[in-house]
Each structure stands twice: as C-alpha cells, then as structure tokens.
Engineer: 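Below you will find the structure I want to go over with you.
Just so you know, these numbers use all the heavy atoms, side chains as well, and skip hydrogens, waters and symmetry mates. Residue numbers start from 1 in every chain, and the chains themselves are labelled A, B, ... in the order their sequence lines are given, proteins ahead of strands.
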Amino acid sequence: MPRESKRARLERMHAEYALLVEEIPEPKCALNFSTPLQLLIATVLSAQTTDKRVNTVTPELFDRYPTAADLANARPADLEAIIRPLGFYRSKSQHLLGLAAALEERFNGEVPRTMDELVTLPGVGRKTANVVLGNAFHVPGFPVDTHVMRVTGRLRWRDDWNSAHPDPVRIEREICACFDPSEWTDLSHRLIVHGRAVCHARKPDCAHCPLQATCPFVAVA
DNA sequence: ATCCCGAGGG
DNA sequence: CCCTCTGGAT
C-alpha cells in the first residue's frame, strides 16, 4: 500500500468523518434514559445486546429501583428476572448490585464524573465510562469498542492496524489527537454504527460503503 | 449457525 | 493473552 503523508492522512480522516456524518443517518434506536444513573445502568446492560432490547427492560428497572440505594438493596433474584432477556443476566446482575453499592459507599449515591472514578465501578470499563461521560455529562470522551478497532484499522486511522493485538487505549489516544474534543463522542458513535451496519467483521459491504473511494481496505476486502 | 454498541477473571 | 458469561434476533 502506497505511502501517505501524515498531513494527507489527517485530511483523509476528517473527510471520511464528514462523509459518515453526511451519509450515515442517526440511528433511530438509542438508549432511553433521563439521568446519569439510568444511562450508566443501561450502558452496563447493553453489553452483547442491542439498545432496543435494553429499552424493553429499563422502564421496569428504573421504576422499581429509582436510586442507587434502591438498586443496592435489590434482591438478586428479582433483578435477574427483570434483565434476563438481555443475556449474561447473572454477571450483569452482580455488576449492577456491586455498582450501586459502590456508588452509595464511595460517591454518595451519585455517578462520578471522571474516568478514573468511573472505571473503579464494577462492570464499568473505559468504553462504558466514555459513553457515560460523553452522553450524560458532556465531557469529551472517545469510546472504543470492537467496531471502532476494526473500522479504524481498515481505514488506517490507527498506526498499528496490522497488529494482531491492537491496544484500545492507544487507538483512543491516536484518534483523539486528530479530532476536536467536541467531535469525539459523535465520531465514536458513528464508527460503531457504521461498523455494525456496513463494515462487518466477516462480510464487509464495501459496495455500499460511503467511504469506499478513499478506504484502503476496499482493495483487499 | 452466527452475531450482538464489553468486562472481569484465570 | 486467552476464556467465560447468556438470551434473543436474524
């Protein structure tokens, strides 16, 4: 693959982001929430499921356990019954109970607003923390999941694209260095949506990809 | 069959 | 660096 200057690469990245904004419609389905605590819970539950399915269980969940204290005191069996259809219900239930207890014990029942604090909570990793920071507190963050790793790799938006073990934190740093903080949350979201809808792991639909003109992966797909 | 907008643990 | 956890949609 031909050499590309740093400058050219940066310009391509921004142009491709613009195309994603232009041609990828905002997904009609997103997590329903009205408080940071609700977003945190919904995001923890969303692992290996879809937002739509999470939205089918959260109304009952939020209604029955309005505060972190309520959730911390929930009976595990009751909690599991509510979130069962999402899968991984046992680990998710334990995460929620531990998370609620930690919020009560260490954060006065409030959701903390820093990465360092958020990732100490059970069930909360960097990806989840960045989603909460960006969408509940409007703190710039760049959530990196498997879609982001794959798509940025194919676009060569990260430098270690040919590595068998890409480092999510390194990707986060590299992408953040190339975009304005105000764009991070939206960019990540669009890469995730695009990765799921078009840039599949197994069966990439390059023919219908808005980035096919500039994406180096088209040639090898 | 295969995949899903992860995180914790060995 | 693996592995596991799980049900539902397609």
Engineer: Taking only the C1' atom of each, what is the distance from B:dT2 to C:dT6 in whole angstrom?
Structural biologist: 14 Å
Engineer: So which of residues 81-93 of chain A are in contact with DNA chain C, with a heavy-atom cut-off of under 4.0 Å?
Structural biologist: A:Arg84, A:Pro85, A:Gly87, A:Phe88, A:Tyr89, A:Arg90, A:Ser91
Engineer: Between A:Asp159 and A:Arg9, does any side-chain N to carboxylate O distance fall below 4.0 Å?
Structural biologist: yes
Engineer: Hydrogens and angles aside, do A:Asp186 and A:His189 bring a side-chain donor and acceptor to less than 3.5 Å of each other?
Structural biologist: no
Engineer: Rounded off to whole Å, could you give me the CZ-to-P distance for the A:Arg53 and B:dG6 pair?
Structural biologist: 11 Å
Engineer: Taking only side-chain N and O atoms of A:Thr128, does any of them lie within less than 4.0 angstrom of OP1 or OP2 on B:dA7?
Structural biologist: yes
Engineer: Calculate the interatomic distance between A:Asn55 atom CG and B:dC4 atom P; express it in whole Å.
Structural biologist: 19 Å
Engineer: For A:Val124, which contact category applies under a 4.0 Å heavy-atom criterion: base, sugar-phosphate, or nothing?
Structural biologist: sugar-phosphate
Engineer: Which is true for A:Pro143 with a 4.0 Å heavy-atom rule: it touches a base, it touches only sugar-phosphate, or it touches nothing?
Structural biologist: nothing
Engineer: Starting at CG of A:Asp145 and ending at P of B:dC3, how long is that distance when rounded to a whole Å?
Structural biologist: 16 Å
Engineer: Check every strand shown and say whether A:Leu121 touches a base, only sugar-phosphate, or nothing at a heavy-atom separation below 4.0 Å.
Structural biologist: sugar-phosphate
Engineer: How many Å lie between NZ on A:Lys127 and P on B:dC4, as a whole number?
Structural biologist: 13 Å
Engineer: Between A:Arg75 and A:Asp78, does at least one N-O distance fall below 4.0 Å, as a salt bridge requires?
Structural biologist: yes
Engineer: Between the side chains of A:Arg106 and A:Thr120, does any donor sit under 3.5 Å from an acceptor?
Structural biologist: yes
Engineer: Over 60° means perpendicular and under 30° means parallel, so tell me whether A:Phe179 and A:Tyr17 are parallel, tilted or perpendicular.
Structural biologist: perpendicular
Engineer: Would you kindly compare A:His95 and A:Val131 by the position of their nearest DNA chain B nucleotide and give the one closer to the 5′ end?
Structural biologist: A:Val131
Engineer: For A:His200, report the nucleic acid contact type (base, sugar-phosphate, nothing); a contact means any heavy atom under 4.0 Å.
Structural biologist: nothing
Engineer: In plain terms, say whether A:Glu172 and A:Arg126 are close enough for a salt bridge, that is, a side-chain N and a carboxylate O under 4.0 Å apart.
Structural biologist: yes
Engineer: What residues, two or more places apart in sequence or in another chain, satisfy salt bridge (Lys or Arg N to Asp or Glu O under 4.0 Å) together with A:Arg173?
Structural biologist: none
Engineer: From CD of A:Gln94 over to C1' of B:dG6, roughly how many Å is that when rounded to an integer?
Structural biologist: 16 Å
Engineer: Taking CD from A:Glu80 and C1' from C:dC5, how many angstroms apart are they, rounded to a whole number?
Structural biologist: 12 Å
Engineer: Would you indicate, yes or no, if B:dG6 has its OP1 or OP2 atom less than 4.0 angstrom from a side-chain nitrogen or oxygen of A:Gln48?
Structural biologist: yes
Engineer: Figure out the NZ/C1' separation between A:Lys203 and B:dA1, and round it to whole Å.
Structural biologist: 14 Å
Engineer: Please confirm whether the shortest side-chain N or O distance from A:Arg202 to OP1 or OP2 of B:dC3 is below 4.0 Å.
Structural biologist: yes
